[in-house]
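The structure appears below as structure tokens.
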Amino acid sequence: ETGVTQSPTHLIKTRGQQVTLRCSSQSGHNTVSWYQQALGQGPQFIFQYYREEENGRGNFPPRFSGLQFPNYSSELNVNALELDDSALYLCASSLSGDSNQPQHFGDGTRLSIL
Amino acid sequence: AQSVTQLGSHVSVSEGALVLLRCNYSSSVPPYLFWYVQYPNQGLQLLLKYTSAATLVKGINGFEAEFKKSETSFHLTKPSAHMSDAAEYFCAVRRGGNKLTFGTGTQLKVEL
């Protein structure tokens, strides 16, 4: 069973640029959630995708957007990068978008904004 | 809104001593609660979950947690700490649609 994989592992960008982060969900999982974890903080929910549709969004501006593909992999796009966007971005997959099934996390993408 | 509060951002114990990491929840309905562990430069690994089936929940690596409604608590314990337990621990509550709200985390240090 393949777990959740994220790419790239590390990324350095400058203010104003755009970035795309990728996530492959665990085999059989149809729901992907994205979280932002700033240094020394707990993860903050960005949004969730269930069967290619957005299924809830946290308190993040519209420049954070996402996609889910038919194979349930997902992308997180961030436009007009700001210094505060520096964080670990975590992807988590689960079996369903509305159940108590646990979320399985990838190792994250470390994004640094200069 | 459902939320969790973790008391103590840093906890230090001796190897072999009891581990107690505190989590209190705020929820208007019976919550689903989780404990995750995060090792350096890694994602989060599920330790255990409470889904109202039993108040004492056993997880991996010898950890367990007890749901106490009267105290709105879900503290994580382990009878005997091991050096490999040094990590950051997060308590989380499930919001609607299987979305998680995390606490701010507790860094556990295990000393010889």
Side-chain angles (χ1 to χ4, degrees), chain A residues 3-10 21 23-26 29-51 53-60 66 87-110 112, chain B residues 1-10 21-25 27 29-54 57 59-60 65 67 74 76 87-107:
Chain A
V4 178
T5 57
Q6 293 186 241
S7 62
T9 55
H10 294 83
L21 310 182
C23 171
S24 293
S25 59
Q26 185 167 314
H29 287 183
N30 57 16
T31 301
V32 172
S33 303
W34 285 92
Y35 294 84
Q36 180 196 65
Q37 186 180 17
L39 197 62
Q41 300 295 318
Q44 299 290 315
F45 174 73
I46 302 175
F47 45 56
Q48 182 182 87
Y49 280 83
Y50 172 60
R51 294 185 176 179
E53 297 287 332
E54 187 177 289
N55 183 39
R57 187 179 183 92
N59 189 27
F60 281 82
L88 179 68
Y89 287 85
L90 295 165
C91 169
S93 73
S94 56
L95 188 56
S96 172
D98 190 18
S99 75
N100 64 358
Q101 293 296 319
Q103 296 189 13
H104 298 261
F105 285 80
D107 286 341
T109 294
R110 175 76 62 187
S112 298
Chain B
Q2 298 180 351
S3 65
V4 289
T5 301
Q6 291 185 243
L7 298 176
S9 58
H10 292 80
L21 305 181
R22 300 177 185 274
C23 174
N24 288 88
Y25 68 89
S27 174
V29 298
Y32 290 127
L33 294 161
F34 304 81
W35 274 100
Y36 283 85
V37 60
Q38 186 175 34
Y39 297 99
N41 300 313
Q42 293 187 23
L44 283 77
Q45 180 182 7
L46 179 67
L47 282 175
L48 50 81
K49 65 176 181 177
Y50 168 75
T51 57
S52 76
V57 182
I60 62 171
F67 175 76
F74 189 58
L76 182 71
E88 188 148 25
Y89 292 79
F90 291 95
C91 181
V93 62
R94 194 203 77 169
R95 298 162 50 189
N98 202 16
K99 307 167 187 64
L100 296 174
T101 296
F102 288 88
T104 52
T106 297
Q107 187 71 45

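Protein chains get the first letters and strands the later ones, always in sequence-line order, with residue 1 at the start of each.
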What's the shortest heavy-atom distance between B:Leu44 and A:Gln37, and which atoms?
CD1-OE1, 4.5 Å
Just how far is it from atom CD of B:Gln38 to atom CG of A:Asp107, taken to the nearest 0.5 Å?
9.5 Å
Does atom CD (A:Gln44) have a neighbourhood of more than 12 heavy atoms from anything else shown, all under 6.0 Å?
no
Counting only non-hydrogen atoms closer than 4.5 Å, does B:Leu100 touch chain A with its backbone (N, CA, C, O), its side chain (CB onward), both, or neither?
both
Looking at B:Arg22, I'd like to know if its CZ atom is crowded, meaning that more than 12 non-hydrogen atoms belonging to other residues, nucleotides or ligands lie closer than 6.0 Å.
no
A:Tyr35 versus chain B, heavy atoms under 4.5 Å apart: side chain, backbone, both or neither?
side chain
Could you tell me whether B:Ile60 atom CD1 has more than 12 heavy atoms of other residues or ligands within 6.0 Å of it?
yes
B:Leu46 and A:Pro102: which non-hydrogen atoms are nearest, and at how many Å?
CD2-CB, 3.3 Å
Is the backbone N or O of A:Asn55 less than 3.5 Å from a side-chain atom of B:Lys99, with the two atoms forming a donor-acceptor pair by type?
yes
Contact part of B:Tyr36 toward chain A, heavy-atom cut-off under 4.5 Å: side chain, backbone, both or neither?
side chain
Under 4.5 Å to a heavy atom of chain A? For B:Gln45 that would be neither
